[in-house]
Asker: 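One structure, pasted below without further comment.
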There are 2 protein chains.
Amino acid sequence: MATIKDVARSAGVSTATVSAVLNDSAYVSPPLRARVLAAIRDLNYSPSLAAQNLKRGRSQLIALVVADLANPFFSRVVWAAEAAVAAWGYSLVVFNSDEKPEAEQRILSRVRMLSCDGVLLVPVGDSTKHLQRDPDEKPLPTVLFGRTVEDDKSDTITIDNISAGRQATEYLLDLGHTRVGSITGPLHLTTGRGRLDGMLAAMKSRGLAPEPRDVRSGEFREDAAYSVARSLLEQQDRPTALYVASGLMALGAMRAIADLGLRCPVDISIASTDTIPGIGGLRPRLTRTEHPLVDMTNEAVRLLVDRIRRGGEVEQRNIVFQPSLVVGDSCAPVGLR
Amino acid sequence: MATIKDVARSAGVSTATVSAVLNDSAYVSPPLRARVLAAIRDLNYSPSLAAQNLKRGRSQLIALVVADLANPFFSRVVWAAEAAVAAWGYSLVVFNSDEKPEAEQRILSRVRMLSCDGVLLVPVGDSTKHLQRDPDEKPLPTVLFGRTVEDDKSDTITIDNISAGRQATEYLLDLGHTRVGSITGPLHLTTGRGRLDGMLAAMKSRGLAPEPRDVRSGEFREDAAYSVARSLLEQQDRPTALYVASGLMALGAMRAIADLGLRCPVDISIASTDTIPGIGGLRPRLTRTEHPLVDMTNEAVRLLVDRIRRGGEVEQRNIVFQPSLVVGDSCAPVGLR
DNA sequence: AACACTCAGCTAAACGATTAGCTAGGTTCA
DNA sequence: TGAACCTAGCTAATCGTTTAGCTGAGTGTT
């Protein structure tokens, strides 16, 4: 690989001049500039990011730490984030904490070692104490995505989970269902807890409450939702409608319904929150709340880049996106059959 | 951030000794070693990868360049690759070439700038001429994944696409279908071409050949497959079975079937190749060939790491994985209805 | 006692960029 | 004419590591 010295020698100038041309950091007369550019072309030179990183103290790298890479929802986040990050001139380093706080901690220390300029984090634990390892060293620019944690000073991008749960549940209630159950996400996560709270609020405002045995929580996974749904629906006395906390889980629930010989929506109505790719092919079409994932991701990257550039001088921002109901045909009026 | 100098000063030794302790690169007496380790702990020191990269000429980064990050198939590759790469002590930088050769080229030059140690590439074009920019500089360690290109010297991990097409088609033929159509991938890709060739071979060996109008090619996308399937199936005189080249496309085809008011498998049988997450929830269950994606990815990373470490001294390796048929209920004997 | 070895640990030169500070020549103006 | 000021480009220090090569003390041999 050619270095800046080779270019300087070949153009008959100093390395400072080459650097000035490369970065437009000082005026260079046209003839010299031309010679430098020619030398760069001849030698097929491109500056070493490693050296730049060392000198400048930044790396052009943004880390994305997701809680479960196997979840298609987060795959879409990876997709959207890669594009957004590239548009700002960064590259995306992807990590999977697999919902394990220890793994998250390991990853974050690696992120520091790599001197990533910032991190887009879907936090796993219920705190980010482990983020600042040293009180006096300046914190790694961070944007929390999708989930929030207690008393953190990072910017956040989230959805209104309560509204999501409420909207989906209200739709079911409007169809006349009174016995509504739910398969929730983990309740220690804001996404799990919030959606359930929204569901409960919707029912409460109509003087209803779910049977305790109709509300089961599980992980945000297809197989977990499948088995939870199975055991929930195997009760001889089961709910007529189900609010399922995520798209991936809805897939599991649908599979359970089919395997139990039930029909959706005739025997049981399903509504859920969030979507995953390919779900559009599913029949019946799922009634669900969706949120603008691409916009959310773009906004998250924008905030992060802003914080990387302007640092602490900008105050904390917490942006909440609103979910909207997408009506499919997975829900029917109660007592249809 | 504490530097190696701070550690050296605090422990009362030279930086060389600290480095020796960190890398086990020379014998350091127990007392000194202990002092160094204590200083490291006190100062919460971790070496700067930027500086190490510059000095060592490597970055602990492996690039993954996929052809379409929006395709759930590649999302699974990201998931598997992240885990494999982390197990070898590397971090994964993800790029999306979006099936565009120019983008791939841009990405690869960025990969060089980042001085990634190696790249796992799902190639987009039909050649990798753009890979070695300079004939004399040593090539970036590369493993081609899934697709191959002409006259390349990289290691490759692929599946036997011909066998995949053949197996799926033979299954349809065994059910008595004689009028079989296909929705293929792009025919300039080995994955698209090979699967079609396998299908044609299977038919030919029984003295059959598809009607030209029953074979349509499209991109590996859900929406593309949807519209191609629609126009194919809207013919009043249509095939009784369809071989679809990918899991994502099969989803599109199924959706087209449903939207046309047809039933699968009663009116039309579908078999496909490869799988995507969540497809297990689909009803009817898709009959398809699957390949061991996780094993393939692990093997690809293993080859890549081996090439990074042992360089040119190891000869080119081309590993072909075999697909296997997974029978669902998306295919029925011909003339069932 | 003189010599050759070992050995632990140090000094200082890289790696490839950026950049503060300098220099030498050219203008401007009293 | 010469002080003051610009200007274009150079010199050299610097970022935080690694590592070749050195040093000086200790050991063993004759």
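Just so it is clear: chains get the letters A, B, ... in the order the sequence lines come, proteins before strands, and each one is counted from 1.
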Asker: Tell me whether A:Glu219 is salt-bridged to A:Arg221, with the criterion being a basic N under 4.0 Å from an acidic carboxylate O.
Answerer: yes

Asker: Hey, could you give me the CG/OG1 distance between B:Leu144 and B:Thr156, rounded to the nearest 0.5 Å?
Answerer: 6.5 Å

Asker: Is the shortest side-chain N to carboxylate O distance from B:Arg33 to B:Asp24 below 4.0 Å?
Answerer: yes

Asker: Salt bridge (charged side-chain N to carboxylate O under 4.0 Å, His left out) with B:Asp6: which residues, sequence neighbours excluded?
Answerer: B:Arg9

Asker: Side chains of B:Ser75 and B:Asn71 only: does a donor on one sit below 3.5 Å from an acceptor on the other?
Answerer: no

Asker: Calculate the interatomic distance between B:Leu49 atom CG and C:dC15 atom C1'; express it in whole Å.
Answerer: 15 Å

Asker: What salt bridge (Lys or Arg N to Asp or Glu O under 4.0 Å) pairs are there with at least one residue in residues 63-91 of chain B, not counting sequence neighbours?
Answerer: none

Asker: Sequence neighbours left out, what passes side chain to side chain contact (heavy atoms under 4.5 Å, CB included) with B:Arg41? Give chain and number order.
Answerer: B:Leu37

Asker: Between A:Ser10 and A:Ala39, what is the shortest heavy-atom contact and its length?
Answerer: OG-CB, 3.4 Å

Asker: 5' to 3' on DNA chain D, which nucleotides open and close the contacts with chain A (atom under 4.0 Å from a heavy atom)?
Answerer: D:dA8 to D:dG16

Asker: Write down the distance between CZ (B:Arg35) and C1' (C:dG9), rounded to a whole number of angstrom.
Answerer: 11 Å

Asker: Please list, for nucleotides 17-19 of chain C, all pairs of protein and nucleotide N/O atoms separated by less than 3.5 Å.
Answerer:
| from | atom 1 | to | atom 2 | distance (Å) |
| --- | --- | --- | --- | --- |
| C:dA17 | OP1 | A:Tyr45 | OH | 3.1 |
| C:dA17 | OP1 | A:Ser48 | N | 2.8 |
| C:dA17 | OP2 | A:Ile4 | N | 2.2 |
| C:dA17 | O5' | A:Tyr45 | OH | 3.2 |
| C:dT18 | OP1 | A:Asn23 | ND2 | 3.2 |
| C:dT18 | OP1 | A:Gln52 | NE2 | 3.0 |
| C:dT18 | OP1 | A:Arg56 | NH2 | 3.1 |
| C:dT18 | OP2 | A:Ser19 | OG | 2.7 |
| C:dT18 | OP2 | A:Asn23 | ND2 | 3.3 |

Asker: Answer yes if the side chains of B:Ser91 and A:Arg110 hold a donor-acceptor pair under 3.5 Å, and no otherwise.
Answerer: yes

Asker: Determine to 10° how strongly the helix from C:dA1-D:dT30 to C:dA30-D:dT1 is bent, judged from the axes of its five-pair ends.
Answerer: 60°

Asker: By the 4.0 Å heavy-atom rule, please label A:Leu32 as base, sugar-phosphate, or nothing.
Answerer: sugar-phosphate

Asker: Let me confirm one number: the CG-CZ distance from A:Leu49 to B:Arg112, rounded to the nearest 0.5 Å.
Answerer: 13.0 Å

